[in-house]
Amino acid sequence: MDIYSLVKFLHIASAIVWIGAGVGLVILGVAADRKSDREGFVRILQNVGFLAPRVFVPASLATLVLGIIAAWMNWGFVQLWVILGLVGFAATFLTGNFLLGPRAAKTEKIVAAEGASDHAVALGRELLTIAKFDYVMLFMVVADMVFKPAPGDFGVLAVMAIIIAGAAIAFLIPVFRAPRVAVAA
């Protein structure tokens, strides 16, 4: 085994932890919301707050750092798929820091003050909807890593772009068009 193979394995393993944990929580959140299990839904939201600094942030940073090391060791930074992977990471990083993170913190405060109130559930649904977009983006990054599209791979690039645009239309636009859920400071 060479060092590149080890770095690549650790890169993939950290991505599995990051994406797997998040997808599991999204599925549990959707299931609880569909069952109208407000208490279960709120517990899942609380788990997001617990897991973010302990799993999501470390695993995502490990994925990025190990991916950069692997690219530096074997590929360089001029291939389109490497650039798209970095852009995808940046998009999910921005989504996490500017949309998911602040909403999760607000939701945590509301849950602490009000429990499984209508307000807490509404904020949680916003969070869940944005998370759905974020995970579509992450799966497109995984697809990018697997398919490694070059500039001439119009079909693959078009399908990926259509999926991302569809996810933005399905998940982000409704959140930003909906009346804002008021949050007390």
Side-chain angles (χ1 to χ4, degrees), residues 1-32 43-105 127-168 170-172:
M1 175 179 67
D2 62 353
I3 191 73
Y4 171 75
S5 295
L6 177 62
V7 169
K8 184 170 71 168
F9 166 75
L10 293 172
H11 169 67
I12 292 168
S14 61
I16 289 169
V17 170
W18 174 24
I19 296 169
V23 168
L25 283 173
V26 168
I27 291 168
L28 289 172
V30 168
R43 277 192 305 278
I44 291 162
L45 296 174
Q46 290 169 319
N47 286 331
V48 171
F50 176 81
L51 289 173
R54 293 168 180 84
V55 175
F56 297 126
V57 171
S60 66
L61 291 175
T63 302
L64 173 66
V65 169
L66 292 162
I68 288 171
I69 292 169
W72 173 75
M73 290 177 76
N74 206 51
W75 299 96
F77 297 95
V78 296
Q79 288 80 9
L80 178 62
W81 67 272
V82 173
I83 295 165
L84 290 176
L86 291 169
V87 168
F89 178 88
T92 194
F93 175 82
L94 294 172
T95 300
N97 281 311
F98 294 107
L99 297 177
L100 292 171
R103 279 180 172 75
L127 188 64
L128 182 60
T129 302
I130 295 167
K132 290 175 188 176
F133 169 79
D134 194 44
Y135 280 91
V136 169
M137 178 63 73
L138 283 169
F139 275 99
M140 289 302 95
V141 172
V142 171
D144 174 63
M145 296 291 112
V146 171
F147 299 127
K148 296 179 176 30
D153 294 327
F154 300 116
V156 172
L157 294 168
V159 168
M160 290 171 65
I162 289 167
I163 291 171
I164 292 168
F171 301 126
L172 293 182

Participant: Just wondering, do Val142 and Leu138 contact through their side chains at under 4.5 Å, heavy atoms?
Facilitator: no
Participant: Could you check whether Arg54 makes a cation-pi contact with Phe50, meaning its NZ or CZ is under 6.0 Å from the centre of the six-membered ring and within 45° of the ring axis?
Facilitator: yes
Participant: Do Phe89 and Val141 make a side-chain contact, defined as non-hydrogen atoms from C-beta onward lying under 4.5 Å apart?
Facilitator: no
Participant: Would you say the side-chain atoms of His11 pair up with the backbone N or O of Thr63, donor to acceptor, closer than 3.5 Å?
Facilitator: yes
Participant: Identify the two heavy atoms, one from Pro102 and one from Gly96, that lie closest to each other, and give their separation to 0.1 Å.
Facilitator: CD-O, 4.2 Å
Participant: Distance check, rounded to the nearest 0.5 Å: Met137 atom CE versus Met160 atom CE?
Facilitator: 9.0 Å
Participant: Return the minimal non-hydrogen interatomic distance between Ile44 and Gly29, and the atom names on each side.
Facilitator: CD1-N, 3.8 Å
Participant: Determine the minimum heavy-atom distance between Pro58 and Ala52, stating which atoms define it.
Facilitator: CD-O, 4.0 Å
Participant: Is it the case that atom NZ in Lys132 sees more than 12 heavy atoms from other parts of the structure closer than 6.0 Å?
Facilitator: yes
Participant: I want to check something: taking the side chain as every heavy atom from C-beta on, are Tyr135 and Met140 in contact at a cut-off of under 4.5 Å?
Facilitator: no
Participant: Around Phe154, counting heavy atoms of other residues, nucleotides and ligands shown, do more than 12 lie under 6.0 Å from its CZ?
Facilitator: no
Participant: Does atom CZ (Phe139) have a neighbourhood of more than 12 heavy atoms from anything else shown, all under 6.0 Å?
Facilitator: no
Participant: Taking the side chain as every heavy atom from C-beta outward, state whether Ile68 and Leu86 have any atom pair closer than 4.5 Å.
Facilitator: yes
Participant: Counting only heavy atoms not in Phe93 (residues, nucleotides, ligands), do more than 12 fall under 6.0 Å from its CZ?
Facilitator: no
Participant: Quick check against the 3.5 Å criterion: does Asp144 have a side-chain atom that pairs as donor or acceptor with the backbone of Leu84?
Facilitator: no
Participant: So how far is it from Ile69 CD1 to Leu10 CG, rounded to the nearest 0.5 Å?
Facilitator: 9.5 Å
Participant: For the backbone of Phe56 and the side chain of Ser60, can you confirm whether one donor and one acceptor N or O come within less than 3.5 Å of each other?
Facilitator: yes
Participant: Please report the C-alpha distance between Tyr4 and Trp75 in whole Å, then the side-chain angles of each, then the deciding distance to 0.1 Å, and finally whether the side chain to side chain contact (heavy atoms under 4.5 Å, CB included) criterion is met.
Facilitator: CA-CA 11 Å; Tyr4 171 75; Trp75 299 96; 3.0 Å; yes
Participant: Under the rule for side chain to side chain contact (heavy atoms under 4.5 Å, CB included), what residues qualify as partners of Leu100, not counting sequence neighbours?
Facilitator: Thr95, Leu127, Ile130, Ala131, Asp134
Participant: Assess the residue pair Leu157 and Leu80 against the criterion (side chain to side chain contact (heavy atoms under 4.5 Å, CB included)); give the C-alpha distance rounded to whole Å, side-chain angles, the decisive distance to 0.1 Å, and a yes or no.
Facilitator: CA-CA 10 Å; Leu157 294 168; Leu80 178 62; 3.8 Å; yes
Participant: Quick one: pull up CE in Met73 and CG in Leu6 and give me the separation to the nearest 0.5 Å.
Facilitator: 9.0 Å
Participant: Considering all heavy atoms of both residues, which atom of Ser14 and which atom of Leu66 are nearest to each other, and what is their separation?
Facilitator: OG-CD1, 4.1 Å
Participant: Is there a donor-acceptor pair closer than 3.5 Å between any side-chain N or O of Asn74 and the backbone N or O of Ala70?
Facilitator: no
Participant: Within the side chain of Asp153, is there an N or O that forms a donor-acceptor pair under 3.5 Å with the backbone of Ala150?
Facilitator: yes
Participant: Side chain to side chain contact (heavy atoms under 4.5 Å, CB included) between Trp18 and Thr92: does it pass, once the steps are laid out?
Facilitator: CA-CA 12 Å; Trp18 174 24; Thr92 194; 3.8 Å; yes
